[in-house]
Each structure stands twice: as C-alpha cells, then as structure tokens.
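Below is one structure, written out as structure tokens, with a few remarks after it.
In each ligand, atom 1 is the first atom listed, and ligand 1 is the first ligand listed. Position 1 is the first residue of the sequence, and the numbers go up from there.
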Amino acid sequence: MEVYFDNNATTRVLPEVAAAMLPFYTEQYGNPSSIHRFGSAVGDKINEARAQVAALVGAADPVEVIFTSCGTEGDNAAIRGMLEARPDKRHIVTTKVEHSAVLGLCQHLEKKGYRVTWLNVDHEGALDLDQLRRALTDDTAVVSIMWANNETGVIFPMDEIAEIVRAKGIPFHVDAVQAAGRIPLRVGELPIDLMTISGHKFHAPKGVGALYVRRGITFPPFMIGGHQERNRRAGTENVASIIGMGRAAEIALGRMAEESARVKKLRDRLEALLLESCPDSRVNGTKEHRLPNTLNISFRYLEGESILVLLDQQGICASTGSACTAGSAEPSHVLRAMGVPADWLQGAVRFSLSRFNTEEEVNYVNEKVPLIVQRLQGFSALGRLSGKQQSESDRGSASGTIGVRG
Ligand code: PLP
C-alpha cells in the first residue's frame, strides 16, 4: 500500500486542475501580452484565475493579486519590497519559527546590516504577542509573520497580530502558504498589507504562487523587465499553471468546510491511535489552534529520520519537517524554539493529510508505526543501557543502517 501523508511538502494536482491547464499548452498558447486576440484572450483567462485566487484569500479586489513563481518568491518580494520602499528603516520583525523562505532571507539581511527581532513562541508554539508589541519601533520597515506553521500546523491569531502591527502603521506581510486552501483567510477584512500563498500546497501545480498586495501600498517590484502584472512582476506568465491555480483555488474554496472537517477527523483519529499504541509519544504544538490536516508527533529517544526510512519501506511518505544537511539531521528550529526537551527533539515525525487520504490509510499507518517505534525504541533502550548507542549505530546495529539516539 502507498500512503502519501506529506501534503505540507506538496500535494497531488487535482484531475480537474490538470484538465483545465491542458488547453493552455496545446491550443490557447498565445502570449497574454500580445495585441492580437489569440494572445489577449489568454490574458482574460489569467484575470479569471486572478479573481478565483482573490476569492480564496478573501481579497476585496482581484487586482490585489500578483502571480509569482512560488511561495519563496512571494516571501522575498514582499519583504525586500518593503525594505526598498522605506530605505531609511533598518529593522525587521519576524518569528523564530518561519519557513526558510523568510528565515533564510532575514538571516541574510541581518548579515547585510539590518537588525532583526526574532519573536519567541511558547512550548505549545504560541507567539509571544507582548514581545511583538515591544519589538515595533519607528525604525521597523516590515513585520513578517506566518499564518500557520508548516511543521506543527500551529495557527497564529492573525486578527490580533494584524491589529498590533496596524496600530504602529508598519507594513505587515503574512506567509499564508500552509494556510491557503485549508482555513478561511479573509485577508481583505484584516489589516494585512501583503500575503504570500503557493499553488502546490492546495492541489495546483508546483512553480506557481501569488502575492496579495493591498491597494494603496507602495510596492517596488522584485522582478524587473516587462509590464506584466501591472508592472509589479515582470516575466511572461506561467499561463497554464496560473489557470490551474485559479481552478484549484475555486475548488478549495467551494469544498473547504466539508473537506477540512473530513480531513480533521482522519488526522484526529491518526493522532489518537498513535498516542494510544505508542506509549512514549507526544504531540508537538497546541491541539487547539492547528491546521486540520497536520500532526507533528515525537517518539521519545528516537530519530525521526530513522522512522521515516522504515516508514518508506512500508510505502508510507511522511516527513520530519526538519532540514537535513549532508546526511546529518539538524533538530528542527521550530521544535527548538518551542523548547521541546532533548529526548523528544530528534524523534519528531510530521504526518500531513489531504482530501485524497482515507480511513483505510490511517489504519494502515497505525498498524506500521507502533512496530517501527517498538523496534527502534528497543535498540535505543539497549544503547542507553550500555551507554554505547552511538557506536552501535555507527557500526550498523541489528536494524541495518538505522541509527537511534538516546
Ligand atoms: N512558506 C511556508 C510556510 C512553506 O511551508 C513553504 C513551503 O513549504 C514556503 C513558504 C515556500 O513555498 P514554495 O515551495 O512554493 O517556494
């Protein structure tokens, strides 16, 4: 059985989406910037997709939606754009738990001389709002905070955060890449100035995203060249993918309540079953304010990567959510920021579901995980008893190349 529980990494393109895209490769292949009707008709279709995306995020006007190549581009364009628009200001506020698209950029900007305030989260992943209030100064050029966390699914209280930032009149960017298509966004009703989303997280193809830019915000473009996207993002449009993203947005919006409830039920079932069948396990992140599809669960004393390898052998795709450098696993910066204790830190596994998943798959995963965890915990206990677990895993223990960490 093949089970794909890694939908926060990427999702399967819906058949309706693929079908909507196809004619734009083979029949309606005109350039939307052309004067002739063959091309300009494609421009009209892009604007239909723009309206569909605007509806998904709750933008007041489709013109506020700029198509991009991905979430990373949206995050970069938004933050860099606000810095360029306010060159006298040298301070950025963000959080310790952002995706690398924001985190890496802000670290880079720090090296370039910007001052960055990294906001803390508590042990449940909730943001320190008092620290946010204190962090905002006259020198702050932009605040960038994610709506929902990609590793834990924890949702930040965006209404409250946006009000705090608005009170200081500072441009506010939200990375809503994991939230879009999963929870209602209502960006037009909130004092959010810029918001990034990415198609491949809600069943559109990879390589297309959108940046919401509130009307009236000065937005220097990131990509400079032609006049596409009203001079806000140059480059010939990725037409078929934009059409696909529009269709995916329409479907996500239409079925959100129903699908979220169904997926949440499956996620909750998986969570309850695993907590029950794996005694040394715990959920990372608050259960209360969380994406309906995400479960981040730690297995004590184990390494998430080892669990993933054994899951993969059983046809199960999941993720640790942490970055792997040159084969050595770095503990997740998100879990570290949450103060997850050392014996739980390495053993985190993220299961992220979608509308394509079934109860049968949940049952299958619940059959396999306890066996894998028991096996690895046995080695881990042995290792801890003898104090030699590291050398055992170096030599390759009874599990082959699978290592455990005490
Ligand atoms: N922001 C968040 C929260 C994400 O989870 C991701 C991707 O996983 C990104 C940004 C980057 O999006 P993309 O893969 O489209 O560049």
Side-chain angles (χ1 to χ4, degrees), residues 4-13 17 53 56-57 65-80 94-108 119 121 125 127 142-156 158 161 172-183 185 187 192 194-212 222-223 233 235 238 241-242 244-245 248-249 252 285 289-296 317-324 332-335 337 348 350-354:
Y4 186 76
F5 276 5
D6 199 13
N7 287 278
N8 287 10
T10 198
T11 59
R12 176 173 166 181
V13 173
V17 168
V53 171
L56 175 68
V57 300
V65 171
I66 302 174
F67 287 110
T68 63
S69 66
C70 59
T72 303
E73 184 191 326
D75 287 335
N76 271 262
I79 295 170
R80 287 175 181 271
T94 188
T95 82
K96 287 185 179 167
V97 296
E98 298 297 310
H99 183 270
S100 52
V102 170
L103 198 84
L105 172 63
C106 290
Q107 284 167 344
H108 169 79
L119 300 176
V121 294
L127 197 64
V142 60
V143 177
S144 184
I145 295 179
M146 68 199 327
W147 200 312
N149 189 274
N150 46 301
E151 292 190 24
T152 59
V154 170
I155 297 170
F156 286 153
M158 219 23 92
I161 293 170
F172 182 38
H173 167 249
V174 176
D175 177 339
V177 167
Q178 292 292 346
R182 296 185 177 137
I183 55 172
L185 293 182
V187 72
I192 291 171
L194 304 116
M195 188 172 79
T196 294
I197 67 169
S198 181
H200 72 106
K201 308 293 184 180
F202 57 93
H203 306 287
K206 295 158 200 47
V208 65
L211 175 63
Y212 164 87
F222 182 52
M223 300 276 276
R233 200 276 187 185
N238 180 358
S241 293
I242 288 172
M245 185 170 169
H289 305 291
R290 196 169 37 148
L291 291 175
N293 76 320
T294 307
L295 167 62
N296 188 309
C317 301
S319 159
T320 57
S322 66
C324 262
S332 146
H333 69 283
V334 175
L335 301 187
R350 179 187 72 185
F351 296 103
S352 49
L353 281 62
S354 83

| said: What I'd like to find out is whether the side chain of I145 reaches to under 4.5 Å of the side chain of F172, using heavy atoms alone. | reply: yes

| task | Would you indicate whether the side-chain heavy atoms of T94 and L119 approach each other to under 4.5 Å? | result | no

| To the nearest 0.1 Å, how far is atom 5 (O) of ligand 1 from its closest protein heavy atom, and which atom is that? | Q178 NE2, 2.8 Å

| task | For M146, counting its heavy atoms only, list the atoms of ligand 1 lying under 4.0 Å from any of them. | result | 3 (C)

| task | Have a look at ligand 1 and work out which part of C70, if any, has a heavy atom under 4.0 Å from it: side chain, backbone, both or neither. | result | both

| query | What protein heavy atom is closest to atom 14 (O) of ligand 1, reported as residue, atom name and distance in Å? | reply | H200 NE2, 3.0 Å

| request: Please tell me if the side chains of V53 and I197 come closer than 4.5 Å, counting only heavy atoms from C-beta onward. | output: yes

| task | Check D75 against ligand 1 and report side chain, backbone, both or neither, counting heavy atoms closer than 4.0 Å. | result | side chain

| task | Would you mind reporting whether D75 and E98 have side-chain heavy atoms less than 4.5 Å apart? | result | no

| field | Exercise: do R182 and N8 side chains pair donor with acceptor under 3.5 Å | value | yes

| Between K206 and ligand 1, which residue portion shows a heavy-atom distance shorter than 4.0 Å: side chain, backbone, both, or neither? | neither

| 4.5 Å side-chain heavy-atom contact, R290 and I155 | no

| Which residue owns the protein heavy atom closest to atom 4 (C) of ligand 1, what's the atom, and how far is it? | H99 CD2, 3.3 Å

| Atoms in ligand 1 with a heavy atom of V177 nearer than 4.0 Å | 1 (N), 2 (C), 4 (C), 6 (C), 9 (C), 10 (C)

| task | Distance to 0.1 Å, residue and atom name: give those for the protein heavy atom nearest to atom 11 (C) of ligand 1. | result | T72 OG1, 3.5 Å

| task | Side-chain contact test, heavy atoms from C-beta onward, threshold under 4.5 Å: evaluate it for L185 versus W147 and give yes or no. | result | yes

| field | Distance-only donor-acceptor check, side chains K206 and T10, under 3.5 Å | value | yes

| Hey, is E98 touching ligand 1 through its side chain, its backbone, both or neither, going by heavy atoms under 4.0 Å? | neither

| request: Among all protein heavy atoms, pick out the one at the shortest distance from atom 1 (N) of ligand 1; state its residue, atom name and that distance to 0.1 Å. | output: D175 OD2, 2.6 Å

| Would you say the side-chain atoms of H173 and T196 include a donor-acceptor pair closer than 3.5 Å? | yes

| query | With a cut-off of 4.0 Å, which atoms of ligand 1 are near a heavy atom of N150? | reply | 3 (C), 5 (O)

| Which of the atoms in ligand 1, numbered in the order shown and given with their element, are less than 4.0 Å from a heavy-atom of K201? | 7 (C), 8 (O)

| field | Check: S198 N/O within less than 3.5 Å of ligand 1 N/O | value | yes

| note | The closest protein heavy-atom partner of atom 13 (P) of ligand 1 is G71 N, 3.5 Å

| message | Rounded at 0.5 Å granularity, tell me how far OG in S198 sits from NE2 in H99. | response | 9.0 Å

